[in-house]
Amino acid sequence: MTAWTHKDLVALDALSAGEITLLLDTAKAFKGVGQRTLKKVPALRGKTLVNFFVEPSTRTRTSFELAAMRLSADVVNIAATASSLQKGETLKDTARNLEALLADIIVLRHSSAGAAQFLAERLQASVINAGDGSHEHPTQGLLDVFTMRERFGRIEGLKVAIVGDILFSRVARSNVHALVTLGAEVTLVGPTTLVPHTLESLGARVTHRIDDVLETTDVINLLRIQHERQRKEYFPSLGEYTALFGLTKARAARLQPGCLIMHPGPINRGVEIDSDMADGPHSVILEQVTNGLAVRMAVLYLCAGGAGAAL
Ligand code: CP
C-alpha cells in the first residue's frame, strides 16, 4: 500500500495514482466519521492550524476550519485585509511569524501562482494550497474526483468534460492532473481564447464545440469565468458566452440520463449554467461541498503525519 510522505499539499501534478487514491480512501473513512453522532476525532489534538486567505472564499475557508475542528485542532483565521500584509509585510515574514507562534499547519489562498510552494520550501509547518492564482486548487480537484468516484465507483475510463475558462482555472488544472493520473478521459471545452490547444499537453482533449461532448460525457463540470484574473476581454459578451457554452435546458436535455452536473462554485447563474440545471436532479454541486469537508480532513490528517485510510 502507498504511504504518504509529504509535509505539504501544494499541487496534484506531482502525486502518483497511489497517493491520490490514498487521499480519496482516507477521505472516504472521514466521511464515515461525519455520519456518526459524535463527529469529532482526536487525530490533530494539540495541533494549531492557521487559515490564511489573501483572496475571498466561502466554501474552502469554511470547510478547512470545520475539518480542523472535527480533527480536534485549534484554528485561527486570518484575512488579508485584517493582517499586516496591508502595512507592507511580506508573505514570507507573515508566515514565519505565524510559525513563530507555533502554527503546525498553514492553509494558504493567494492570488499569485507559486505562493504556496514558496512557503512550503521555507517553513517547517505544513503548507496546504487552498488555491494559488491560476495554478492549482488541489483540494477542489480531490473533492471533485471523490464525488465522481463515489457516484460511479471508479475513475478509470470515465468521460469528463470541463467547460469554460480553463486558461485561468486552478480548479481545471487540479482536476485534469488527478483525472488523467487515475485514467479518466478528459475533454476541455470553451472559446479558443480560453481553451488553447496548448492545454493538450496536460493529457486532455480540447474542443471549442460543446456539442462534441454533450451526448457522450459521464460528467460535465462547468467553470466560472474568472474575470478577476483576466486582463483583457476573451469573448465578446457574457450573452454570447452563454449562447455558445452555457448549460441551458436545451443542452442539458441532450446529456446521458446518468450524467453528473458539477460546478466548483461560486456559480454565476444564467451564465455558465441555467438555474434549473444547477438545482436539478443531475446536479451534485452541494454534494461536492459536503465531500470537501471529508477531503480536507484527509489532507490535514495525512500532512500532519497520520498513517492513512484505516482510521
Ligand atoms: N470552489 C471554491 O474554491 O470556492 P470558494 O472560493 O468559496 O472557496
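Atoms within a ligand are numbered from 1 in the order they appear, just like the ligands themselves. Just so it is clear, the structure is predicted and the values come from calculations on it, not from any experiment.
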> Does any N or O in the side chain of Glu287 come within less than 3.5 Å of the main-chain N or O of Thr147, such that one atom is a donor and the other an acceptor?
Replying inline: no
> Taking the side chain from Asp132 and the backbone from Ala113, do they hold a donor-acceptor pair closer than 3.5 Å?
Replying inline: no
>> At less than 4.0 angstrom from any non-hydrogen atom of Gly265, what atoms of ligand 1 do you find?
In response: 1 (N), 2 (C), 4 (O)
> To the nearest 0.5 Å, how far apart are CD1 in Ile225 and CG in Leu194?
Replying inline: 6.0 Å
> In the protein, what heavy atom is nearest to atom 1 (N) of ligand 1, and what distance, to one decimal place, separates them?
Replying inline: Pro264 O, 2.8 Å
> What is the nearest protein non-hydrogen atom to atom 2 (C) of ligand 1, stated with its residue, atom name and distance?
Replying inline: Thr60 OG1, 3.6 Å
> Ring centres of His135 and His110 under 6.0 Å apart?
Replying inline: no
>> So that I can tick it off, tell me whether Asp212 and Arg209 are bridged by a salt bridge, with the cut-off set at under 4.0 angstrom between side-chain N and carboxylate O.
In response: yes
> Of all the non-hydrogen atoms in the protein, which one sits nearest to atom 7 (O) of ligand 1, and at what distance?
Replying inline: Thr58 N, 2.8 Å
> Are any of the side-chain nitrogens in Arg254 or Asp211 under 4.0 Å away from the carboxylate oxygens of its partner?
Replying inline: yes
> Under 3.5 Å, N or O to N or O, is Pro266 touching ligand 1 that way?
Replying inline: no
> Between Arg59, Arg61, Arg109, Glu55, which one has a non-hydrogen atom sitting closest to atom 6 (O) of ligand 1?
Replying inline: Arg109
>> Under a 4.0 angstrom heavy-atom cut-off, which atoms of ligand 1 come close to Gln140?
In response: 1 (N), 2 (C)
